[in-house]
Amino acid sequence: MKLLYPLAIISLLIMACSKPKPNTDIPDEPPVDHNPIPPATPVSTIVTVYAEMNGQYGDPMSVKINGAVTDYAFSGYSTNTALSVEKYDCNIGLTPDPYLGLLATARNVPLTGSSRNNVDVNNVHGTYLDRVFTTDAGEWALAGDGKLTFGANTFEEPGIVASSPAYAILDPTATAFSITNPSFKADVDGHRWYLRSFGVLLLDIPYKILGKLTLQYPIAAGLRSTAPDSIAAWLYLNNQWVQQGYAKKTGNFYTKEIHQGGIWSFGELVDGMYKTFKVRTSNGLPVVNAILRVKSGDNEVASARTDAEGNAICFLPAHENLTADILLGWRSLSDGPPPFVLRGPFNSSIDEEIILPASSPYITSVKGTAINCGGGPIQSGTVTAICQPLNSRWYLPVTNGQYGGAYVTGDVRAIFLMNASNDAVPGPDTAALLITNEENIVHLTTCKSATNLFLKYSIDDVEYNITGDAATPGNSFLASYYWKGTTDVSCQDDQMHPTMGLDFSTSGSGTGTFLNLTELRVNNVLYEVDYNRTFKVTFTRYDMMIGGYVEGSLEAYYKDKTNVVHHLVASFRLKQVV
C-alpha cells in the first residue's frame with residue numbers, strides 16, 4: 001500500500017500537467033492528423049486572376065502575383081506566360097484605389113500543378129472615416145455599432161494626405177468572404193492550421209500611429225452563439241497570419257487594443273487539410289474554369305476555380321460536414337446549378353471527384369480533334385474557346401490530337417470562337433454554335449484561313465463591292481470599332497477619297513440581330529433612317545479582340561434631301577480595330 005500511494009500522487013500530477021488548454025490556446029503538441037507545413041513545391045503555371053466584384057472589368061488597378069505586377073488581359077489579369085510560383089503559397093495582391101473607394105486586399109491561395117490556374121479575388125469597397133489631428137481624442141463609428149476609440153496624441157500630425165482613413169468589415173457568413181479573406185491557413189509550431197474566422201477588419205490609416213486604438217468589433221448575428229468568450233487576434237503580415245494576443249467577447253462584440261492598421265482577423269485554429277477536387281461531367285469531360293465554393297453551415301470556408309484539367313485545390317477544415325456550390329459567377333448566385341452535398345467530413349487528403357450531369361442545362365461541353373497543316377495530330381497544344389460576346393475563355397489541353405472539356409454557363413446557345421495551337425502558334429478562328437445539354441463536336445486545324453475583307457452592298461438594286469485584306473499593314477478601310485457596347489462600322493473605298501462605302505453605328509455588339517441604327521452614312525453622305533420600314537443589323541460573327549473579325553449584314557431604308565426613300569442591303573466581313 002505504501003508503494004501505491006506515491007504512484008497515485010504521481011498519476012494525479014501527470015494528469016494535472018497534461019490537462020488540455022482551452023480552444024482559444026494554440027496547442028503545443030498537435031494530434032497526428034494535423035497538417036504539417038508543406039515543403040517548398042514550385043510549379044510553373046499561367047495564372048489568371050478574376051477581380052470579381054470590380055465595378056467593370058478592366059478598371060485601372062494593379063494586380064500583383066507573388067509581388068510582380070501583371071497585365072489585364074481579356075476578362076482577367078493574366079501572366080500570359082508561365083510563372084514559377086509556390087504551389088501552396090501563391091500570393092495575389094490588389095493595390096488600393098482611392099478614386100474607386102477600393103482598399104488594399106490580398107489572397108493567399110494554393111495552386112494545382114496544371115499549366116493554367118485561375119483565381120478569384122474580391123475588391124473591397126471601403127467606408128471612409130473622418131480625419132483627425134494629433135490633439136484629437138474620440139472615436140470612429142463602424143458598421144454594426146462597432147467603433148474605434150482613441151485618445152489624444154494617438155496619431156502623428158497627418159498633414160496633407162491623399163485620402164482619409166477607411167475600413168471594411170468582412171462577415172464570414174456573407175457571400176464572397178472566401179475570395180476576400182486573405183488566407184484560411186496559419187502556420188504555428190511547425191504545423192499548418194485552418195484559421196476559422198469570426199470576422200475580419202480591413203483598416204487603412206494613412207497616419208503614423210503613436211498610441212493604441214481600442215477596437216470594438218461587431219460579431220455577425222449568425223456567429224454570436226458560437227463565438228468563443230476569448231479568441232486569438234491575428235494580423236496579416238508578409239502574406240501570413242501572425243498572432244497579436246487575444247480579443248475578449250463583450251456582448252455582441254470582440255474588444256481588442258490594436259497598434260496598427262492592416263488586415264485583422266479574430267479566429268481559432270482547427271485541424272485543416274488540402275483537398276483536390278476533380279470536377280467532371282458524367283461523360284468524363286473535365287469542367288474547366290468552374291467556380292467551386294465550399295461552406296460549413298452558413299460560413300464560406302473555401303473557394304477555388306478549376307484549372308485547365310478540371311481540378312481545384314482547397315484548404316479545408318477537417319472533421320466537418322460541408323456543402324458546395326458550382327457558381328455561374330459571384331454576382332449571379334441564384335442563377336446557377338443547385339448546391340450539392342460533398343461526401344464529408346473529410347479526414348484524409350485523398351482526391352475527391354465531383355460529377356456534374358452532362359445533360360445539365362448549365363453545362364456546355366465540346367470535344368473533337370486538333371490536327372496540324374500536315375494532317376497529323378497535334379501532340380501537345382491548347383484549344384482556346386472564346387464565348388461571344390462576353391469574351392470569357394476556356395483553355396483546353398490537346399493530347400495526341402484530341403481535346404475535350406466542359407464549361408458552366410447560363411447560356412443555352414452561344415457562339416464560340418475556337419482555335420487550336422501547337423507550340424504557342426494559334427491556328428485560325430472557327431466559329432461554332434455550342435448548345436447546352438448536347439454533345440458538341442468541333443474539329444480544328446492549325447492551318448490559317450483567308451484574311452480577306454469585303455463590303456458588298458446595293459442601293460435600290462445598284463450593286464457596289466469593296467475588298468481588302470486584314471493582313472495588309474495599316475488597313476483601316478474595312479473596319480469595325482467597339483466602344484462601351486456600341487459598334488461603329490467604317491467601310492470606305494479609299495481613305496483619301498471616300499466616294500464609296502458605308503458608315504453606320506448601332507448599340508448592338510456580339511452575335512445576333514439588332515433593331516437599332518443610330519447613324520447611317522452612304523457613299524460619304526449622312527442620311528436619315530426611315531424607321532417606319534425594315535431596318536436591322538445582324539452580326540453572325542463578332543470577335544471582341546482587336547485583330548479579329550466582324551461578319552454580318554445590314555438592311556435599312558433611308559431618305560434623301562428630297563424625301564425619296566432608298567433601299568439599302570449590305571453584307572460584310574470586317575477587321576475589328578478597337
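Because the structure is predicted, anything quoted here is derived from the model rather than measured. Index from 1, following the sequence.
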With a 3.5 Å distance limit and no angle check, can you tell me whether [X] reaches the backbone of [Y] through a side-chain donor-acceptor pair?
X    : Y    : result
Y217 : V200 : yes
T41  : P39  : yes
S296 : L322 : no
K64  : L94  : no
T70  : Y77  : no
E309 : T112 : no
T281 : L285 : yes
D229 : K248 : no
Y274 : L316 : no

At their closest point, which heavy atom of [X] faces which heavy atom of [Y], and how far apart are they?
X    : Y    : result
C90  : I65  : SG-CG2, 4.0 Å
A308 : Y395 : CB-O, 3.7 Å
K249 : R224 : NZ-O, 2.8 Å
V124 : A168 : CG1-CB, 3.4 Å
A176 : N122 : CB-ND2, 3.7 Å
P317 : V270 : CB-CG2, 4.3 Å

Take E300 and D325, measure what side-chain contact (heavy atoms from CB on, under 4.5 Å) needs, and give me the verdict at the end. CA-CA 11 Å; E300 285 192 358; D325 302 269; over 6 Å; no

Out of curiosity, [X] [atom1] to [Y] [atom2], how far, rounded to the nearest 0.5 Å?
X    : Y    : atom1 : atom2 : result
L417 : I386 : CG    : CD1   : 6.0 Å
T430 : N419 : OG1   : CG    : 7.5 Å
N440 : L434 : CG    : CG    : 4.5 Å
S183 : N91  : OG    : CG    : 9.0 Å
D204 : T127 : CG    : OG1   : 12.5 Å
L170 : L201 : CG    : CG    : 8.0 Å

In terms of side-chain heavy atoms, does H191 have a donor or acceptor partner in N35 at a distance below 3.5 Å? no

Under 3.5 Å, is there a donor-acceptor pair between the R280 and N311 side chains? yes

Would N108 and Y236 satisfy side-chain contact (heavy atoms from CB on, under 4.5 Å), going step by step from the backbone distance to the final call? CA-CA 11 Å; N108 188 287; Y236 194 67; 3.6 Å; yes

According to side chain to side chain donor-acceptor pair (under 3.5 Å), does anything in residues 252-266 pair up with another residue at least two apart or in another chain? List the pairs. S197-S265

A side-chain contact here means heavy atoms from C-beta on lying under 4.5 Å apart; do [X] and [Y] qualify?
X    : Y    : answer
F277 : L292 : yes
I46  : N117 : no
L269 : W234 : yes
V408 : L328 : yes
V47  : L111 : yes
V85  : T45  : yes
W330 : T175 : yes
P218 : D145 : no

Carboxylate-amine/guanidinium contact [X] [Y], below 4.0 Å:
X    : Y    : result
R305 : D120 : yes
K278 : E352 : no
E268 : R196 : yes
R116 : D307 : no

Please report the C-alpha distance between R107 and I179 in whole Å, then the side-chain angles of each, then the deciding distance to 0.1 Å, and finally whether the side-chain contact (heavy atoms from CB on, under 4.5 Å) criterion is met. CA-CA 7 Å; R107 191 172 178 217; I179 63 171; 3.8 Å; yes

Step by step, would you call L237 with Q244 a side-chain contact (heavy atoms from CB on, under 4.5 Å)? CA-CA 11 Å; L237 296 171; Q244 306 286 315; 4.3 Å; yes

Sequence neighbours excluded, every pair satisfying salt bridge (Lys or Arg N to Asp or Glu O under 4.0 Å) that has a member inside residues 82-91: D89-K185, D89-R192

Would you mind telling me which of W193, Y194, F315, W241 makes a ring pair (Phe, Tyr, Trp, His ring centres under 6.0 Å) with F184? Y194

Tell me every residue that passes ring-ring contact (aromatic ring centres under 6.0 Å, His included) with Y407, counting only those two or more places apart in sequence or in another chain. W394

